[in-house]
Amino acid sequence: MIRVNDSTFNERVLAWFDRHGRKDLPWQQDKSPYRVWISETMLQQTQVATVIPYFNAFVDRFPSVEALANASIDEVLRHWSGLGYYARARNLHKAALIIAGQGSFPDTLEELQQLPGIGLSTAGAIMSIAYGRSHPILDGNVRRVLARYRAVPGWPGEAKVNRRLWELSRALTPEQRAADYTQAIMDLGATVCTRSRPSCGACPVNADCLAFGTGRVNDFPAPKPAKALPVKQRTFLLLTDRHRQVFLEKRPPAGIWGGLWCLPEFENPDQALGWCLDRHIPVVGRYAMDRRRHTFSHFHLDFTPLVILTDGITGGVGETGSPIWHPLEAIARLGLPAPINLLLKQYQNHEDKHGKTD
DNA sequence: AAAGCGTGGAG
DNA sequence: TCTCCAAGCTT
């Protein structure tokens, strides 16, 4: 157990929060467990500004656990498309079905943590923000504040460092004003104790911040050890007909872009072409669009779009998932991975300008 | 323990 | 254009 010799840490953080904290974010208006749960899930590894429009649209369409449980996974994913980490949406839907079956929203840390997509930090955030119960959290903001405040060495991705930061968070979290404190410590990290160029002069705890006191603010937390990202080569088949319909298939439920509608994916253009020939798809024209590189968290994707024009296809060609022909103009409403959406928009612009090439 | 999972902002 | 990483969780 870590001893806290500075018993006023939380008091100073809370006093700062009263004057400078954010209190008008959409999910801070009606802090029901459901809304807090949705917002905390969306905010996992995702910045506030990105989340705001998604949160508003999501709770507008799914205003309650029941509404979410009664929706189809397709519609839930559609509202998530562009936000990334789609397992979060699949887990939300699964958890909503569980909660709806239980009849009431869970109100203990243990129950919350058993739901898919809710880990220790998200459970702590829901407990404190929605129920006003004192529970620590450890997100990126808190991790950074605490690593600097106590000059905790090492990369937080290491289990040992992570455990120490959790201990610190636990020790510093007060019994009183639990909801405000959770908001406060996150706001402090997000607006004052920022990753680069922190405003230490405006920090309520700079007087006993070990990193600030020793001029080593930039040394904490230690950066993740750099690793060269592997490069994957992939071809995406843009199979389209004279009616401006595009062939799409649903991706497998797990893995990247799981459950989303997408262009068929191949290792190279030859395989894409072979796939068409195997299915006796009449190829009346083809060309490659500009190749591009897309960077993900764990690999680079060298991305080759292959446009194939056909005619007379009515469906039933795919095998990975249920295939559909979909109007190009209405693609955006279907909810596709962001890079695929972008590619289709570029193709549509090109077609609008030059017309069909066949 | 370590890897997989997205997207966009910031430098 | 490239790297780093953000209100993390799961396997």
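Throughout, protein chains are lettered first and strands after them, A, B, ... in sequence-line order, and every chain is numbered starting at 1. For the numbers below, each heavy atom of this structure counts, side chains included, while hydrogens, waters and symmetry mates do not. Everything numeric in this text was worked out from a predicted model, so none of it was measured.
Of the C1' atoms belonging to B:dG6 and C:dA6, the separation is 12 Å, rounded to the nearest Å. Distance noted for atom C1' between B:dC5 and C:dC5: 14 Å (whole Å). Separation of the P atoms belonging to C:dC9 and B:dG8 is 22 Å when rounded to the nearest angstrom. Using atom P as the reference point in both C:dA7 and B:dG11, the two lie 14 Å apart (nearest Å).
Nucleic acid contact class of A:Gly82 (heavy atoms, under 4.0 Å, all strands): sugar-phosphate only. As judged by a 4.0 angstrom heavy-atom cut-off over every strand, A:Ala338 is placed among residues touching the sugar-phosphate backbone only. Within 4.0 Å of A:Val51, counting heavy atoms only, lies no atom of the nucleic acid at all. A:Trp27 comes within 4.0 angstrom of a base, heavy atoms only. Contact annotation for A:Leu83: base contact, defined as any heavy-atom pair under 4.0 Å involving a base atom. A:Thr46 comes within 4.0 angstrom of a nucleotide base, judged by non-hydrogen atoms across all strands. Using a 4.0 Å heavy-atom criterion, one finds that A:Gly255 contacts the sugar-phosphate atoms exclusively. Nucleic acid contact for A:Ile340: none, since no nucleic acid atom lies under 4.0 Å from a heavy atom of the residue.
Using a 4.0 Å cut-off, no side-chain N or O of A:Lys227 falls inside it from OP1 or OP2 of C:dT3. In this model, the phosphate group of B:dT7 is approached by a side-chain N or O of A:Trp257 to a distance below 4.0 Å at OP1 or OP2. Not one side-chain nitrogen or oxygen of A:Tyr54 sits closer than 4.0 Å to the OP1 or OP2 atom of B:dT7. A close approach under 4.0 Å does occur between a side-chain nitrogen or oxygen of A:Arg144 and OP1 or OP2 of C:dA7. Dashed line: the shortest gap from a side-chain N or O of A:Thr50 to OP1 or OP2 of B:dG9 is not under 4.0 Å.
Considering only heavy atoms from C-beta on, A:Glu75 comes within 4.5 Å of A:His79 through its side chain.
Put simply, CZ on A:Arg293 is 10 Å from C1' on C:dC2, counting in whole angstrom units. Counting to the nearest Å, the P atom of C:dC5 and the CD atom of A:Gln47 are 13 Å from each other. Between A:Leu92 atom CG and C:dT10 atom P the separation is 11 Å, expressed in whole Å. Computed from coordinates, the A:Tyr86 OH to C:dT10 P distance equals 19 Å when rounded to whole Å. One can place CH2 of A:Trp166 at 8 Å from P of C:dC9, the figure rounded to the nearest angstrom. The distance from atom NE2 of A:His294 to atom C1' of B:dG6 is 7 Å, rounded to the nearest whole Å. Rounded to an integer number of Å, the gap from NE2 of A:His298 to C1' of C:dT11 is 13 Å. Rounding to whole angstrom units, CE of residue A:Met42 and C1' of B:dG8 are separated by 16 Å.
Where A:Met186 and A:Ile118 each meet DNA chain C at their nearest nucleotide, the meeting point lying more 5' is that of A:Met186. Nearest-nucleotide mapping onto DNA chain B: of A:Gln45 and A:Ala159, the residue sitting toward the 5' end is A:Ala159. Residues A:Lys160 and A:Leu336 both approach DNA chain B. Their nearest nucleotides, taken by heavy-atom distance, put A:Lys160 toward the 5′ side.
At a cut-off of 3.5 angstrom, counting only N and O atoms as typed in the model, there is a donor on one side and an acceptor on the other between the side-chain of A:Ser297 and the base of B:dG6. Taking 3.5 Å as the limit, the base of C:dA7 and the side chain of A:Arg143 contain no donor-acceptor pair of atoms between them. Scanning atom types as modelled, no donor and acceptor separated by under 3.5 angstrom connect the side chain of A:Thr41 and the base of C:dG8.
Seen from the ring of A:Tyr131, A:Lys31 does not count as a face-on cation partner, given the 6.0 Å and 45° thresholds.
No salt bridge links A:Arg234 with A:Glu267; every basic N to acidic carboxylate O contact stays at or beyond 4.0 Å. Here A:Arg148 does not pair with A:Asp219 in a salt bridge; the nearest charged N to carboxylate O distance is not below 4.0 Å.
A side-chain donor from one of A:Arg88 and A:Thr46 sits under 3.5 Å from a side-chain acceptor of the other. Side chains of A:Thr235 and A:Glu265: no donor on one and acceptor on the other come within 3.5 Å.
When distances are taken from the side chain of A:Ile256 to each of C:dC9, C:dC5, B:dG6, the shortest belongs to B:dG6. Among the nucleotides C:dA7, B:dC5, C:dC5, the one closest to the side chain of A:Asp187 is C:dA7. Of the listed nucleotides (B:dT7, C:dC5, C:dA7), B:dT7 has the atom at the smallest distance from the side chain of A:Phe296. Listed nucleotides B:dG6, C:dG8, C:dC5 differ in distance to A:Ser121; the shortest reach to its side chain belongs to C:dG8.
Between A:Phe105 and A:Trp37, the two ring planes are perpendicular [angle over 60°; tilted spans 30° to 60°]. Aromatic ring orientation, A:His294 versus A:Phe303: tilted (interplanar angle from 30° to 60°).
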